[in-house]
Amino acid sequence: MQQLKTLTNEQLVKIWAKYIKEPMPNLRKSLLIRYITWYKQAYENKINPKHFFRRLAQAQKNLEQDTINRPQEKTFPEGACFVRSYKGIQHKVEVVSNGYLYNGQTYKSLSAIAREITGKQWNGKVFFGVKNDK
């Protein structure tokens with residue numbers, strides 16, 4: 001890539017034509033160099049860029065579809081309570097509109113409350129026994 005930085009635009013056009021075989025877009029030099037570098041590496045590793053981008057687009061589509069089909073995370077109704085005994089002390093958490101209420105303080109997550117109680121990092125749903133079933 002360092003060598004490409006010293007080349008003139010005319011020289012970059014020739015290299016572009018060799019590796020990319022499409023009209024060169026009007027981009028700033030630094031971006032052209034990145035494109036050329038990627039295509040050159042693909043060429044040297046026998047990767048077909050069109051096939052690569054087609055597979056990449058399909059992977060993105062699959063990921064988006066997977067996200068759409070993923071079950072929604074369990075939400076708890078306002079007023080629901082979780083009770084957990086830890087080291088002989090009973091801890092009660094109530095679901096409120098903006099999070100979880102514990103000892104008069106509102107928290108954004110059950111994990112934050114579990115950390116407050118134990119002093120250690122916990123998955124809050126696991127700590128309170130309300131983890132989603134798969």
Side-chain angles (χ1 to χ4, degrees):
M1 194 151 111
Q2 290 296 339
Q3 295 171 339
L4 294 174
K5 289 180 180 178
T6 62
L7 299 179
T8 66
N9 282 349
E10 292 168 354
Q11 292 169 316
L12 287 174
V13 168
K14 288 179 184 177
I15 295 172
W16 181 277
K18 177 181 177 182
Y19 292 108
I20 301 171
K21 298 177 176 56
E22 291 181 11
M24 190 168 88
N26 186 18
L27 299 172
R28 66 181 188 270
K29 187 175 181 178
S30 62
L31 194 52
L32 286 174
I33 291 171
R34 287 181 183 202
Y35 272 110
I36 291 170
T37 302
W38 188 89
Y39 275 90
K40 184 176 183 234
Q41 289 173 349
Y43 178 81
E44 290 168 353
N45 291 296
K46 297 178 177 43
I47 296 170
N48 180 337
K50 289 182 181 179
H51 178 72
F52 173 80
F53 287 120
R54 195 170 30 249
R55 289 189 63 195
L56 185 62
Q58 184 62 48
Q60 180 180 3
K61 187 176 179 181
N62 292 346
L63 182 62
E64 289 169 357
Q65 190 64 35
D66 182 49
T67 303
I68 291 168
N69 292 335
R70 186 172 295 145
Q72 294 297 317
E73 188 168 321
K74 189 187 291 185
T75 55
F76 305 104
E78 197 171 331
C81 291
F82 307 115
V83 179
R84 165 73 194 260
S85 182
Y86 183 77
K87 292 191 175 182
I89 301 171
Q90 200 167 31
H91 301 275
K92 183 179 176 184
V93 175
E94 182 181 350
V95 179
V96 293
S97 63
N98 57 342
Y100 303 93
L101 185 64
Y102 172 70
N103 280 350
Q105 187 174 349
T106 303
Y107 293 82
K108 291 185 177 184
S109 71
L110 288 173
S111 296
I113 297 170
R115 186 172 42 255
E116 178 75 22
I117 293 169
T118 65
K120 296 179 182 173
Q121 186 67 39
W122 269 88
N123 177 316
K125 291 181 179 179
V126 171
F127 181 80
F128 285 99
V130 293
K131 179 89 171 130
N132 287 348
D133 293 327
K134 291 187 177 185

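These numbers come from the heavy atoms of this one structure, side chains and all, not from hydrogens, waters or symmetry mates.
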Distance check, rounded to the nearest 0.5 Å: [X] atom [atom1] versus [Y] atom [atom2]?
X	Y	atom1	atom2	result
L32	L27	CG	CG	5.0 Å
Q121	S111	CD	OG	6.5 Å
M24	L12	CE	CG	6.5 Å

Side-chain donor or acceptor of N48 paired with backbone N/O of K50 under 3.5 Å = yes
Are any side-chain N or O atoms of K29 and backbone N or O atoms of K5, one a donor and one an acceptor, separated by less than 3.5 Å?
-> yes
The ring-ring contact (aromatic ring centres under 6.0 Å, His included) partner of W38 among Y43, Y19, F53, W16 is F53
Taking side chain as C-beta onward, heavy atoms only, is [X] less than 4.5 Å from [Y]?
X	Y	result
F128	I113	yes
F127	T118	yes
I15	Y39	no
I33	I36	no
T106	Y100	no

Please report the closest heavy-atom contact between P49 and A42, naming both atoms and the distance.
-> CG-CB, 4.3 Å
Minimum heavy-atom separation for E94 to G79, with atom names?
-> OE2-CA, 4.0 Å
same_hphob_cluster([X], [Y]) at 4.5 Å side-chain heavy-atom cutoff:
X	Y	answer
L101	V93	no
V96	L110	no
Y86	Y107	yes
V83	V130	no

State whether E10 and K14 are salt-bridged, where the test is any N-O pair (Lys NZ or Arg NE/NH1/NH2 against Asp/Glu carboxylate O) under 4.0 Å.
-> no
Please determine, by modelled atom types, if H91 and Y102 share a side-chain donor-acceptor pair under 3.5 angstrom.
-> yes
